[in-house]
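Naming convention: chains lettered A, B, ... in sequence-line order (proteins, then strands); numbering from 1 in each chain.
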Amino acid sequence: MARRFVLKREETSQKAVELTIDYSGDLNPQQYAAATAGSGAHLVIAGAGTGKTRTLVYRVAYLVETGVSPDSILLLTFTRRASAEMLSRASVLLDGRCSLVRGGTFHSFCLSVLRRHSERIGYPTNFTILDSSDAADVVDVVRTAAGLHKGTKRFPRKKTLYSLFSTAANRSLSIPEVVESRYPQFFDFIEDISNLSDRYAEYKRRHVLMDYDDLMCQTIRLFDEHPDVRNAVSGQCRHVLVDEYQDTNRAQARLVEHFCSVYGNVTAVGDDAQSVYAFRGADSDNIFEFPDRYPDVRVLKLEQNYRSRQPILHLANKIITQATRRYDKVLFSDEKEGDLPALVAAPNDQFESRFVCQLIGQLREESVPLNRTAVLFRSGFNSYQLEIELNRRNIPFVKYGGVKLSEAAHVKDVIAHLKVLENPRDAAAWNRVLLLLEGIGPKTAQEIMEWVVSRDEDPFVLDDRPFSPRYVESLTALFAMLRSLFNATSSLENEVEQVLAYYEPILKSRYFEDYPKRLQDLEHFAGLAVQTSDRAEFLASLALDPIELTALEAEAADPDEPPLVLSTIHSAKGLEFDTVFIIQALEGILPSSYSLKDPDALDEELRLLYVAVTRAERNLFISYPMVQQRRFDGEYFARPSRFLEDIDESLLEPWSLVEEDAAPVEKQLAANNDRAQLPF
DNA sequence: TTTCCCAAGCTTTTT
DNA sequence: GCTTGGGAAA
């Protein structure tokens, strides 16, 4: 076989170009080195708050300024929010040119690749995307069809099955491997589960559907099977920049290799101490194996923290020493001064909420804008009590990691109609649409759908098949509506309006108790449609970038005062705030009770606390209720998180809460005199 | 076959 | 508290 010798591209000299940004003045030497590094592979190890984002932003600007065409730069981030923020910062630095840089999540970039090339792997390009609950529903349909749902022993539920499949996809493992390692209780079902996985894949293919994992796995398959496509895509990726590399999984690492296969210019940025997505298949070994994958890699480090004051860093450093794995990273700061972080023991969660609200009020008076303050917590429901209190005091807030608009049942119903128009073979959407009709159950829905999918001609024509009179009238109305939209070339806005007009009576009869509230959501939804013109794009962004319900409410409330941020710690990754509250720092919550048995999972919970702590610039308050309400068996005494138990008071100052006036003298005395006290 | 009702089981983090 | 699954009536 003939041998190919690859000639490296010579970096053209940029000496002649006049740079408009003072890189060495704006950045410290380590940041400067990373931002202005030349071609090849680079791994930037950056501790929390060391200006990782800033460095990436400057790197983008630098590349553009030195002549790299902006649309040949690919910036992969963890959320769309992060990528939008970085690109807007880069655009501020360097006029508008950076807005042409291609940025987004792995999922969204893969989507754009597949929309152009999916026919090569047998997928029409109008495929629709299943979110995780859609996917679980599809699994359920397949499972029922296969007759696996009944048997002597309990077969796994649809959500469990889907997450099992997802684990396999994200970790590049086979179904039996996943069952053996993570779901040993289903060992007896290995055959059936593998079988089901195949059927699920086949069903998706037949009905032109992709779930989240398919977006990545099918792209990999496309590249593996069609090197010409890979080269074409990779040939447009002159530089690939990857943020939060510690949270990538096997499939994503593979994708990065593909993307930079032509030019070999890749910059990965990450911090192994901040890896918090192992539950989703993230493999922090990716960082350590990076030098093996890219032998000529240059490893750069960012160590100086610019974000937090020294007392906060002392605490963060102390927390991370409790990990079973060693992280040899000590953050330091120039900002020596600052208050000690506080550990606030509240009698119960109402006191905790009052405490948080009162301090937020004080900060607001000290003219710290509300959106520079964040309340962080482990899980979405941890903030319910606080949300009540905030509403009572009219403090506007957005909650990230809460209920998404597109997850509400009634919104999903409307979306399903649009999906049917976009992809008439989308069985999941048809199923949803048909089940809304009186007199149609799973069986009939299945029949009608099979019939629609089997025909190649105009999918929205009802012929003279003998439909049962029980539902023929509503079915005719549905098809008439779909057909008129399918044939007309109306705007998306108009389309959504028509679907809503059709759906409103259904909404009324299904949810008559709280139908006005739901109608309001649908109006929000219609408002979103105005901003997009392309239906496929609109549907994709609903799936890949779901809108938080509270975001719309806060926006509506007062456009002048940006709202307070409530967020799960996961969703706060990469963000920073003047003041951070970490609430519900309880054993069983942070660390989560699910993690207690597994040392690796426990370590991840610890890193989660580390991430939360290092979001703070100036003030940090960690609080927990001493008594917790449980659903049925009443109250019980709660223990603070084990991660905080052994921390010295010189690093984390204990506070207790005292009622103003009303507090009896004994209570005052009972509180430890040495402890700081905050009167209400 | 659909729909309604009741009991049982689970309950995190995200694209 | 909410979803899911099973059973029985219409």
| query | Taking OP1 and OP2 of dT4(C), is either one under 4.0 Å from a side-chain nitrogen or oxygen of Arg143(A)? | reply |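 For dT4(C), neither OP1 nor OP2 has a side-chain N or O of Arg143(A) closer than 4.0 Å.
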
| Phosphate contact (dT4(C) OP1 or OP2) by Lys158(A) side-chain N/O below 4.0 Å |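 The answer is yes; a side-chain N or O of Lys158(A) sits under 4.0 Å from OP1 or OP2.
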
| For Ser567(A), what residues pass the side-chain contact (heavy atoms from CB on, under 4.5 Å) criterion, not counting sequence neighbours? |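 Once residues adjacent in sequence are excluded, the partners of Ser567(A) under the side-chain contact (heavy atoms from CB on, under 4.5 Å) criterion are Leu376(A), Tyr400(A), Val565(A), Ser571(A), Ala572(A).
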
| message | If the condition is side-chain contact (heavy atoms from CB on, under 4.5 Å), which residues does Asn431(A) pass it with, not counting sequence neighbours? | response |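 With neighbours one apart ignored, the set is Val141(A), Leu435(A), Ala445(A).
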
| field | Where at least one partner belongs to residues 598-608 of chain A, residue pairs that pass side-chain hydrogen bond (donor to acceptor under 3.5 Å, both in side chains), sequence neighbours excluded | value |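 Sorted pair list: Thr324(A)-Asp603(A), Tyr327(A)-Arg607(A), Arg378(A)-Glu605(A), Glu604(A)-Arg607(A).
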
Distances under 3.5 Å between nitrogen or oxygen atoms of protein and nucleotides 8-10 of chain C:
none

Please list every donor-acceptor pair under 3.5 Å in which a side-chain atom of residues 274-282 of chain A meets a protein atom from a residue at least two apart or in another chain.
unit_1    : atom_1 : unit_2    : atom_2 : d
Gln274(A) : OE1    : Arg615(A) : NH2    : 3.2
Gln274(A) : NE2    : Asp271(A) : OD2    : 2.9

| request: Would you mind telling me which of Asp214(A), Asp213(A), Asp134(A), Asp426(A) makes a salt bridge (Lys or Arg N to Asp or Glu O under 4.0 Å) with Lys204(A)? | output: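 When salt bridge (Lys or Arg N to Asp or Glu O under 4.0 Å) is applied between Lys204(A) and each of Asp214(A), Asp213(A), Asp134(A), Asp426(A), only Asp214(A) qualifies.
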
Output all residues satisfying side chain to side chain donor-acceptor pair (under 3.5 Å) with [X], sequence neighbours left out; order by chain, then residue number.
{"X": "Arg432(A)", "answer": "Asp413(A)"}
{"X": "Gln531(A)", "answer": "none"}
{"X": "Lys573(A)", "answer": "Glu244(A), Asp247(A)"}

Can you check nucleotides 12-15 of chain B for protein contacts, nitrogen or oxygen pairs under 3.5 Å, and list what you find?
unit_1  : atom_1 : unit_2    : atom_2 : d
dT12(B) : O2     : Arg378(A) : NH1    : 2.9
dT12(B) : O2     : Arg378(A) : NH2    : 2.5
dT13(B) : OP1    : Gly380(A) : N      : 2.9
dT13(B) : O4'    : Arg378(A) : NH2    : 3.2
dT13(B) : N1     : Arg378(A) : NH2    : 3.4
dT13(B) : O2     : Arg378(A) : NH2    : 2.3
dT14(B) : OP1    : Thr568(A) : OG1    : 3.0
dT14(B) : OP1    : Ser571(A) : OG     : 2.8
dT14(B) : O2     : Arg280(A) : NH1    : 3.4
dT15(B) : O3'    : His107(A) : ND1    : 3.4
dT15(B) : O2     : His107(A) : NE2    : 3.3

| said: How many whole angstroms separate atom CZ of Phe155(A) from atom P of dG5(C)? | reply: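 To the nearest whole Å, that distance equals 12 Å.
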
| task | Would you please name every residue forming a salt bridge (Lys or Arg N to Asp or Glu O under 4.0 Å) with Arg642(A), sequence neighbours left out? | result |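 Result, salt bridge (Lys or Arg N to Asp or Glu O under 4.0 Å) vs Arg642(A): Glu587(A).
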
| query | Of all residues at least two apart in sequence or in a different chain, which pass the salt bridge (Lys or Arg N to Asp or Glu O under 4.0 Å) check with Arg182(A)? | reply |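 By the salt bridge (Lys or Arg N to Asp or Glu O under 4.0 Å) rule, Arg182(A) matches no residue at all.
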
Might you list the N or O atoms of the protein lying below 3.5 Å from N or O atoms in nucleotides 3-8 of chain B, with each pair's distance?
unit_1 : atom_1 : unit_2    : atom_2 : d
dT3(B) : OP1    : Gly439(A) : N      : 2.7

